[in-house]
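A quick write-up on the structure given underneath.
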Amino acid sequence: MKLLCLFLAAATVVQARDIHLQQVVGGVSGSGTTTRYWDCCKPSCAWKENVETASPVASCAADGVTTVDPSTRSGCDSDGSSYTCNNQQPWVVNSTFAFGFAAASFTGGADNSQCCICVQLSFLSTITEKTLVVQVTNTGADLGSNHFDIQLPGGGVGYFTTGCSSQWNCPANGWGSQYGGITSDSECSELPEVLQPGCHFRFNWFQNADNPNVNFQQVVCPSELTSITGCA
Ligand SMILES: *[C@@H]1O[C@H](CO)[C@@H](O)[C@H](O)[C@H]1NC(C)=O
């Protein structure tokens, strides 16, 4: 009995510490650019018609927690009521590894063809020793090719200015500047408490890196990400 318990404990520790990333042979890779945003809108991969898999990315009611039907209109449209779920913000695994979500385009412009793929981002400045693995939940007409717009609460609402004001009653053009958002960790307190962890992430683990370029490589989506979005 004692031996069995020891074995189980050891197995659990190994599983918690080691995330095995598997590269997708023939998947997308190369070098690219990043920006940051949190616009509160329903992400485009949350529409059934934009994903090839059975279930699109989860989107949420105004509480950011209750998932809603994928046909619900975006809260960034007048009369819409579907928003980004609060749990689609980044989190730290350890000092060099983190998980998150991003809007992306590989072709330039709105590019739903890669909805729900996962990509390992290796940064080329400021945080060069760190890896962020993101799932693509969204895209955008304003994105360039090989462009990752990382979801960071308080990172600026960007093009869609009405989502966070409708969901959280934030200032007219979002917290801080419309593009780029707030500028210091202490300003994270302006955000709803549920979004503050992802806001602090930007000033702690991410070291407030300002749109660092990346090398990227598609990887098989880890369950840590798909269990949040529901899109595999
Ligand atoms: C951080 O986690 C990653 C993924 O599990 C692992 O490969 C890496 O060795 C860890 N680094 C540290 C410093 O613990």
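Index from 1, following the sequence. This structure is a prediction, so every number in the text was calculated from the model and none was measured. Values below: all heavy atoms of this structure, side chains included; hydrogens, waters and symmetry mates excluded. Ligands are counted one by one from 1 in listed order, and the atoms in each one are counted from 1 as well.
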statement: For Thr96, the ligand 1 atoms with a heavy-atom partner under 4.0 Å come out as 11 (N)
task: Please could you name the atoms of ligand 1 that Asp18 approaches to less than 4.0 Å, counting only its heavy atoms?
output: 5 (O)
- prompt: What pairs of residues pass the salt bridge (charged side-chain N to carboxylate O under 4.0 Å, His left out) test when at least one of them lies in residues 19-47, not counting sequence neighbours?
  reply: Arg36-Asp210
query: If hydrogens are left out, which of Val92, Val133, Asn94 has an atom nearest to atom 14 (O) of ligand 1, that is, the closest non-hydrogen atom?
result: Asn94
- prompt: Can you list every pair that meets ring pair (Phe, Tyr, Trp, His ring centres under 6.0 Å) and has a residue in residues 33-54, with sequence neighbours left out?
  reply: none
- prompt: Does a side-chain heavy-atom distance below 4.5 Å link Val219 with Val133?
  reply: yes
- line: So for Ile19 against ligand 1, with non-hydrogen atoms under 4.0 Å, the contacting part is both
task: Flag the pair Cys231 / Pro56 as yes when at least one side-chain heavy-atom distance between them is below 4.5 Å, and no otherwise.
output: no
